Amino acid sequence: MSSKKKTKGGARKTRREKKREPAPKRTTAKTAKATPAPRADEAPPKKAPANEATPAGDVEVAQRLLRELTSIVERASDPDAERILGADALLGLLRAVLPQKRRPKDSVYQYLIGHKRRASLMAQVRHAINEGYSFAAEDGFVSPTRVQWFYDGLTFLFGQEPFDGVVGLYRNGEIRWGLGVPDSAPGTSLGPAFSDFVSVAEAKRSLGAADGEPALGIGDMLGLAVREDEAPDAVVDDYARLLTRHPWVLGAQHVSVDEHRHADPSLPALTAVRASDGSHDVVMLESPALPIVGKNGKILQAFSNVWHRAQRTLSFVQRQPDFLERELGMRFDQPRCFLIAGSGLDEAERDVVRRELEAHDASVRVLTYDDLHRLAERTLAFMEL
């Protein structure tokens with residue numbers, strides 16, 4: 001047995017083994033000077049406190065980069081400008097200028113005073129956008145929408161205030177109006193179809209097809225709204241009759257809404273004839289009390305079943321266009337389904353519907369009964385301008 005002393009971690013190394021190991025490097029003044037200092041254009045590892053001065057080198061680098069970016073964007077083509085600043089690049093810069101208020105309990109005044117110069121910069125941006133990029137036109141302002149859905153046309157907002165109002169479409173020298181089209185954020189929906197937009201002449205034909213003055217339709221809707229809470233299921237048939245008398249309430253897109261009594265449940269019970277081309281759309285009415293979004297922020301199964309039924313109905317009329325035109329006199333060309341159900345969705349719940357349903361199938365348009373009322377009022381107000 002070897003008489004060599006053992007160390008705590010095992011056998012002691014021999015002199016020969018020690019000789020083979022490289023000697024540890026010493027840190028001298030010379031080697032310390034050779035260590036490269038961080039460059040001024042490198043991102044700091046940690047965020048500096050809000051009121052701590054930024055190194056002068058960082059400020060100069062940022063100013064130079066912004067000047068270069070401005071020059072590049074000015075020279076870029078329209079599609080390349082979107083490639084450079086899209087995909088949240090521009091929004092990311094704005095969020096860097098003014099970080100969002102994260103603690104709801106904090107006073108908004110304390111938050112703003114802590115970022116008052118940054119907040120003033122954002123106010124200057126807003127003022128510059130409103131003053132320079134919403135254009136005064138006859139009877140209102142014309143502003144760009146957040147998304148351009150048509151490669152050969154321009155969508156815009158027209159209203160009494162900048163960046164607000166009705167969505168319009170300028171295409172082939174003609175202006176058409178999407179009275180039921182929202183100015184959706186990128187990625188929230190597949191966007192509108194051309195048939196969602198009507199000319200002023202088509203909208204006038206839609207209002208002219210009303211049974212009585214269009215204002216009477218608004219009065220009838222207000223009367224039905226009072227009864228929704230008392231007997232939500234019973235008012236569905238009353239709304240169907242109202243649509244047959246006032247087809248314009250669907251955004252002045254249709255000249256008639258017709259009820260059908262079919263033995264085949266695959267056939268739609270309500271159809272609407274478009275003012276633009278005479279083709280038919282499907283209309284489905286469900287209870288105003290039908291829940292749509294649950295407390296967990298997900299689409300509820302009851303409404304999901306209704307949504308899939310709407311898709312099946314659309315699929316059927318798309319597969320059988322010749323039979324339906326020959327036997328029933330209904331022509332379906334790129335039909336949509338107006339699914340009217342539920343009420344009281346807030347904006348967050350509406351975003352859930354757009355993201356989980358409409359972003360996957362744009363042919364089904366979901367309208368709550370509140371939406372239907374607002375659409376009718378907006379349509380009538382717009383036509384009275």
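Please read all numbers here as calculations on a predicted model, not as lab measurements.
In this pair, H246 and W248 present their aromatic rings perpendicular. The plane angle is above 60°, beyond the 30 to 60° band.
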Name every donor-acceptor pair, under 3.5 Å, that has one atom in a side chain of residues 203-213 and the other anywhere in the protein, sequence neighbours excluded.
residue : atom : partner : partner atom : Å
R205    : NH2  : A275    : O            : 2.9
S206    : OG   : H254    : O            : 2.6

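The salt bridge (Lys or Arg N to Asp or Glu O under 4.0 Å) pairs that include a residue from residues 121-135 number zero, where partners must be two or more places apart or lie in different chains. Within the structure, ring-ring contact (aromatic ring centres under 6.0 Å, His included) contacts touching residues 56-77 (residues at least two apart or in different chains) do not occur.
For E82, the CD atom counts as loosely surrounded, since its 6.0 Å shell holds 12 or fewer non-hydrogen atoms of other residues, nucleotides or ligands. When the shell of 6.0 Å around CD of Q334 is examined, it contains 12 or fewer heavy atoms from other residues, nucleotides or ligands.
When atom types are taken as modelled, the side chain of N172 and the backbone of E174 share no donor-acceptor pair closer than 3.5 angstrom. Side-chain atoms of Q160 come within 3.5 Å of backbone atoms of D139 as a donor-acceptor pair (strictly under, hydrogens ignored). Between the side chain of S143 and the main chain of S134, no donor-acceptor pair closer than 3.5 Å is present. Counting only distance, with no hydrogens or angles, the side chain of D88 and the backbone of L91 share no donor-acceptor pair below 3.5 Å. Using modelled atom types, one side-chain atom of E349 and one backbone atom of D346 make a donor-acceptor pair closer than 3.5 Å. Side chain of T313 to main chain of R309: a donor-acceptor pair is present (N/O by atom type, distance under 3.5 Å, no hydrogens or angles).
Taking Ile, Leu, Val, Met, Phe, Trp and Tyr as members and joining any whose side-chain heavy atoms lie under 4.5 Å apart, directly or through other members, I113 forms no hydrophobic cluster with any other residue. Hydrophobic cluster membership of Y151, counting Ile, Leu, Val, Met, Phe, Trp and Tyr whose side-chain heavy atoms lie under 4.5 Å apart directly or via other members: none, as it forms a cluster of its own.
Aromatic ring centres of Y369 and H373 lie farther apart than the 6.0 Å criterion allows.
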| Trace of the salt bridge (Lys or Arg N to Asp or Glu O under 4.0 Å) decision for R331 with D277 | CA-CA 10 Å; R331 182 162 65 90; D277 59 4; 5.1 Å; no
| field | salt bridge (Lys or Arg N to Asp or Glu O under 4.0 Å) between E202 and R176, intermediate numbers included | value | CA-CA 9 Å; E202 291 163 359; R176 300 175 72 85; 2.7 Å; yes
| request: Report the C-alpha distance between R354 and E347 in whole Å, list the side-chain angles of each, state the deciding distance to 0.1 Å, and finish with yes or no for salt bridge (Lys or Arg N to Asp or Glu O under 4.0 Å). | output: CA-CA 10 Å; R354 293 192 189 108; E347 192 56 36; 3.3 Å; yes
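Under the side chain to side chain contact (heavy atoms under 4.5 Å, CB included) criterion, Q301 pairs with S304, N305, not counting sequence neighbours. Applying the salt bridge (charged side-chain N to carboxylate O under 4.0 Å, His left out) test to R245 and every residue at least two apart in sequence or in another chain returns D220. In this structure, the side chain to side chain contact (heavy atoms under 4.5 Å, CB included) partners of V235, at least two apart in sequence or on a different chain, are R227, E228, Y239, P288. Contacts of F332 classified as ring-ring contact (aromatic ring centres under 6.0 Å, His included), with partners at least two apart in sequence or in another chain: H280. Every side chain to side chain contact (heavy atoms under 4.5 Å, CB included) that F150 has, sequence neighbours left out, goes to D152, T155, L169, R171, P192, F194, F197. Checked against side chain to side chain contact (heavy atoms under 4.5 Å, CB included), R67 has the following partners two or more places apart in sequence or in another chain: Q63, R64. In terms of the ring-ring contact (aromatic ring centres under 6.0 Å, His included) criterion, W307 has no residue partners (sequence neighbours excluded).
Within the model, atoms CZ of R350 and CG of D370 stand 9.5 Å from one another, a figure rounded to the nearest 0.5 Å.
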